[in-house]
Number of protein chains: 2
Amino acid sequence: MHSDSIKVPKFTLKRLPLYYRCLRACLDRNQEYVSSEQIGKAAQVNAVQVRKDLALFGAMGTPGVGYCVADLKAKLEEVLGLNNVNEAVLIGVGRLGRAIIDYPGFERYGLHIVALFDSNPELIGTQVSGRPVFSTQEILHIIRRLQIKVAIITVPAEYAQSIANVLVEAGIRAIWNFAPAVIEVPSHVVLRNEDLAAGLATLFHYLAERNE
Amino acid sequence: MHSDSIKVPKFTLKRLPLYYRCLRACLDRNQEYVSSEQIGKAAQVNAVQVRKDLALFGAMGTPGVGYCVADLKAKLEEVLGLNNVNEAVLIGVGRLGRAIIDYPGFERYGLHIVALFDSNPELIGTQVSGRPVFSTQEILHIIRRLQIKVAIITVPAEYAQSIANVLVEAGIRAIWNFAPAVIEVPSHVVLRNEDLAAGLATLFHYLAERNE
DNA sequence: TAGATTGTTAATCGATTAACAATC
DNA sequence: TAGATTGTTAATCGATTAACAATC
């Protein structure tokens, strides 16, 4: 049931969420049509690039007018798979974990976090933002029973790899690692190592450039 | 005093932090030498790519042996400017803000968050993780006095743009926006719109691909 | 019609990969 | 010496930009 007959290039895929955000903002303003120029400005991308990206899955723009916001938004939701629900678990209910649980946008992207895990006895058995917290001892058992395929790691760096190992054993197919540590998994598991600090390098670089 | 005689390509710059992370891990294991193969595996990048990236700023590898971990780490710190201290403020002391204040790695990257701002009267005047919280009313005044150039936005989406406007007025030169909203700033200000949910699109895409 | 903006082709640019000699 | 791994050149690949006719 995947609408993946369309092969979306890697870089286009990274830009689409930015376009989507812009469309949501347009809708909030009751704007009916939007130009590639405007989308590009919001996404910090060239307008031609925007049109080309959109053309990949049957662009529906009107010359002289632009794109119908509602139509384009619906189309993007389809391509990005925002209508598919993916259940996920999150391991590590610290500050970062809590921030992610409540980050507005994850739910919107179809990511339902259904269970949390932590090693802190004070948290186990409680609810955080409406989700039950289980012991990390139970990861294997619970994930297998619930047949969850996506996991988010927000534990301290030193535990990230061993948690990942357990997750893989439990049958997890995709891991999103926010812990500030490099982890490795077997090739059949999709891994995304998110490094929040990495963006800093880019930011500082451009800042230094502007000051020259 | 910028060592920017070396022009680092955009994509290389994005990979360097990942290499750096790997080097730190090697050092923790007391590993003396590391191969481009190993770095590449950790960073999910081709080994040739790694060597080419490193060669850009005078590679120091030894054929048949690899790179000296300590030397390479020091070199990367120089290129990434991790030794320069950048003072910053953070606006929005919610879950996300707190997570970022304490995220291990920001300090390591030379980002010192020196002041916080929030509109919640209960927080104003208190300290969070050792930083004073000021009223958002005082942004203009305080940033100008402290001559801060970098700001991190972690307020709810609907306030992001108006906060950004004030920051620009206060003389901020670089904005790192974690609020789930697109914001726009004058061209003399460096802007990075971070979309935590954007990574999800990539993750789901690969996941769907594997399942075909 | 005139102005705006799209869709697309061709040209450019830069990133990635392949191949291999050089070196420890 | 044999094996491992680097550094670099050349070839490929894909992304970005420029140009412009087509369309509303």
Side-chain angles (χ1 to χ4, degrees), chain A residues 6-19 22-23 26 31-73 75-76 79 187 198 201-202 205-206 209, chain B residues 6-19 22-23 26 31-73 75-76 79 187 198 201-202 205-206 209:
Chain A
I6 331 131
K7 176 67 186 163
V8 185
K10 185 174 131 198
F11 285 91
T12 298
L13 194 65
K14 281 193 185 167
R15 287 187 291 262
L16 294 186
L18 297 170
Y19 302 167
C22 174
L23 290 171
C26 290
Q31 190 183 326
E32 206 173 341
Y33 288 90
V34 62
S35 68
S36 56
E37 190 75 36
Q38 196 186 346
I39 298 176
K41 204 176 168 199
Q44 299 183 290
V45 160
N46 186 304
V48 181
Q49 188 72 260
V50 174
R51 293 204 293 279
K52 239 194 136 208
D53 285 341
L54 297 181
L56 282 172
F57 34 92
M60 309 141 302
T62 311
V65 179
Y67 297 84
C68 169
V69 173
D71 287 358
L72 190 54
K73 180 166 164 287
K75 192 77 187 169
L76 271 179
V79 175
S187 62
T202 314
H205 181 80
Y206 289 129
E209 226 172 44
Chain B
I6 330 132
K7 176 68 187 164
V8 185
K10 186 174 132 200
F11 285 91
T12 298
L13 193 65
K14 282 194 185 167
R15 288 188 290 262
L16 295 186
L18 296 170
Y19 301 168
C22 174
L23 290 170
C26 289
Q31 190 182 325
E32 204 173 342
Y33 288 90
V34 63
S35 69
S36 56
E37 191 75 36
Q38 197 185 346
I39 297 175
K41 203 177 169 199
Q44 299 182 290
V45 161
N46 186 304
V48 181
Q49 188 73 262
V50 174
R51 293 203 293 278
K52 239 195 134 209
D53 285 340
L54 298 180
L56 282 172
F57 35 91
M60 309 141 301
T62 312
V65 180
Y67 298 84
C68 169
V69 173
D71 288 358
L72 191 53
K73 181 165 164 286
K75 192 78 187 170
L76 271 179
V79 174
S187 64
T202 314
H205 181 80
Y206 290 129
E209 226 173 45

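Each chain gets a letter, A, B and so on, in the order the sequences are listed, and its residues count up from 1. Bear in mind that the values here come from a model prediction, so they are computed numbers and not experimental data.
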Can you work out whether A/Val45 or A/Val65 has the more 5'-proximal nearest nucleotide on DNA chain D?
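The residue closer to the strand's 5' end, by nearest nucleotide, is A/Val45.
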Rounded to the nearest Å, what distance is computed from the [atom1] atom of residue [X] to the [atom2] atom of nucleotide [N]?
X       : N      : atom1 : atom2 : result
A/Leu56 : C/dG7  : CG    : P     : 12 Å
A/Glu37 : D/dA18 : CD    : P     : 13 Å
B/Arg15 : C/dA15 : CZ    : C1'   : 8 Å
B/Lys14 : C/dA15 : NZ    : P     : 11 Å
A/Asp53 : C/dG7  : CG    : P     : 12 Å
B/Arg51 : C/dA18 : CZ    : C1'   : 11 Å
A/Leu54 : C/dT8  : CG    : C1'   : 14 Å
A/Lys52 : D/dC20 : NZ    : P     : 18 Å

Within this structure, what is the [atom1]-[atom2] distance for the pair [X] and [Y], rounded to the nearest 0.5 Å?
X       : Y       : atom1 : atom2 : value
B/Glu37 : B/Arg51 : CD    : CZ    : 8.0 Å
B/Phe57 : B/Leu16 : CZ    : CG    : 5.0 Å
B/Cys22 : B/Lys73 : SG    : NZ    : 12.5 Å

Can you find a side chain N or O atom of [X] that sits less than 4.0 Å from OP1 or OP2 on [N]?
X       : N     : answer
A/Tyr33 : C/dT6 : no
B/Ser36 : D/dT6 : yes
B/Tyr67 : D/dG7 : yes

Map A/Gly64 and A/Lys10 onto DNA chain C by nearest heavy atom, then report which one ends up closer to the 5' terminus.
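The residue closer to the strand's 5' end, by nearest nucleotide, is A/Gly64.
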Between the two ends of the helix from C/dG3-D/dC24 to C/dC24-D/dG3, what is the bend in degrees, rounded to 10 degrees, where each end axis spans five pairs?
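Both end axes considered, the difference amounts to 20°.
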Answer with base, sugar-phosphate or nothing: what part of the nucleic acid does B/Val48 contact at a heavy-atom distance below 4.0 Å?
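It contacts base atoms.
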Categorize A/Thr12 for me: base, sugar-phosphate, or nothing, with a 4.0 angstrom heavy-atom threshold over every strand shown.
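The residue A/Thr12 makes no contact with any strand.
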Considering all heavy atoms of both residues, which atom of [X] and which atom of [Y] are nearest to each other, and what is their separation?
X       : Y       : value
B/Ala47 : B/Ser36 : O-CB, 3.7 Å
A/Cys26 : A/Gln38 : SG-NE2, 4.1 Å
B/Met60 : B/Leu72 : CE-CD1, 3.6 Å
A/Ile39 : A/Val34 : CG1-CG2, 3.7 Å

Could you work out which one of D/dA22, D/dT6, C/dT17 sits closest to the side chain of A/Pro63?
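Of all the options, the side chain of A/Pro63 is nearest to D/dA22.
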Choosing from C/dT17, D/dT6, D/dT8, which nucleotide comes nearest the side chain of B/Asn46?
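Closest nucleotide to the B/Asn46 side chain: C/dT17.
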